[in-house]
Amino acid sequence: MLPFQLFLTPESFRNHPGVRLILRHLSALGDTFAHPAEVESLAAGDPLIYEFVDLRDGLSGSMLSFGLTVIQPGTIGGEYYMTKGHFHAAQQDGDEVYLGVSGTGLLLLQSRQGESRAIELTPGAILYTPLAWAHRTVNIGADPLVFFSIWPSATAYDYEEISRRGGFPQRVMDQNGRPALVTNPAFHI
Ligand code: S6P
Ligand code: ZN
């Protein structure tokens with residue numbers, strides 16, 4: 001592989017050779033939101049919740065993979081738009097770094113033991129996620145939330161464990177126009 005340059009914009013990432021564009025509409029998010037997704041998707045025309053511009057496939061031979069995520073602003077049943085969230089399933093070398101580019105978000109984290117954390121993701125913020133912590137990003141602002149992520153290419157993804165646990169320990173709900181962390185009664189380890 002050869003050296004290359006990218007910029008922290010969706011256009012720069014989308015135009016890179018070998019990129020994979022993952023569009024997640026509400027109908028594809030299954031049990032992510034507490035509110036039944038299929039009902040809302042019919043009512044609201046199945047909106048695009050987020051886009052993930054993934055450079056994994058364009059970086060063959062690289063030990064690092066990276067991408068840019070754009071989460072639209074909005075709520076479903078009072079819950080802010082967010083990513084599915086996943087554990088990294090690698091035995092080792094599965095840590096990840098996020099860099100906030102624009103917009104305002106929260107990174108929700110849960111450990112294998114069910115501990116919960118929430119860290120603000122704002123422009124210029126660098127967030128470090130150790131291997132054992134599942135992560136989900138929530139857009140709590142009025143504009144799209146854009147962030148860069150970089151992780152070891154050997155990492156495998158585990159989305160099923162999030163579903164099995166009933167999501168994350170906390171949900172981010174709109175309360176009188178402001179985001180509030182609310183206990184998720186469906187969560188279990
Ligand atoms: C990859 C990293 C992010 C997410 C992306 C979409 O390890 O955590 O780039 O893939 O934000 O989220 P998700 O949960 O749908 O993969
Ligand atoms: Zn990840």
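Both ligands and their constituent atoms are indexed starting at 1 by order of listing.
For R136, the closest heavy-atom approach to ligand 1 does not fall below 4.0 Å.
The heavy-atom pair separating P185 from T183 by the smallest distance is CD-O, 3.2 Å.
Closest N/O/S atom of H88 to the Zn ion (ligand 2): NE2. Within E96, the N, O or S atom lying nearest to the Zn ion (ligand 2) carries the name OE1.
The protein atom (non-hydrogen) at minimum distance from atom 9 (O) of ligand 1 is S149 OG, 2.7 Å. For atom 16 (O) of ligand 1, the closest heavy atom belonging to the protein is Y159 OH, 2.5 Å. In this structure, atom 7 (O) of ligand 1 lies nearest to the protein heavy atom Y157 OH, 2.7 Å. Distance from atom 12 (O) of ligand 1 to its nearest protein heavy atom, with residue and atom name: T83 CB, 3.6 Å. Looking only at protein heavy atoms, the nearest one to atom 15 (O) of ligand 1 is Y50 OH, 2.5 Å.
Among the atoms of H86, some N or O lies under 3.5 angstrom from an N or O of ligand 1.
Put simply, the side chain of R112 reaches to within 4.5 Å of the side chain of F87, judged on heavy atoms. Side-chain contact between L68 and P10 is present, with heavy atoms from C-beta onward closer than 4.5 Å. Between T137 and T69 the shortest side-chain heavy-atom distance does not fall below 4.5 Å. Side chains of L55 and L6 form a contact here, defined as non-hydrogen atoms less than 4.5 Å apart. The side-chain heavy atoms of L48 and H25, taken from C-beta on, include a pair separated by under 4.5 Å.
Close approach to T69 involves these atoms of ligand 1, each under 4.0 Å from a residue heavy atom: 5 (C), 9 (O), 11 (O). Using a 4.0 Å cut-off to heavy atoms of G85, the atoms of ligand 1 that qualify are 14 (O). Under a 4.0 Å criterion applied to the non-hydrogen atoms of H88, ligand 1 contributes the atoms 7 (O). Shown in contact with E96 at under 4.0 Å from a heavy atom are these atoms of ligand 1, numbered in order with element: 1 (C), 2 (C), 3 (C), 7 (O), 8 (O). For ligand 1, the atoms lying closer than 4.0 Å to a non-hydrogen atom of F147 are 11 (O). Remark: ligand 1 atoms within the under-4.0 Å shell around heavy atoms of H135 are 8 (O).
For Y50 and Y81, the ring centers are positioned 6.0 Å apart or more.
Aromatic ring pairs are classed by plane angle as parallel below 30°, tilted from 30° to 60° and perpendicular above 60°; the pair H88 and Y157 is parallel. Between H16 and F4, the ring-plane angle classifies as tilted under the 30° and 60° cut-offs.
A side-chain N or O of S153 and one of S65 form a donor-acceptor pair less than 3.5 Å apart.
The residue among W151, Y98, F87 with a heavy atom at the shortest distance from atom 3 (C) of ligand 1 is Y98.
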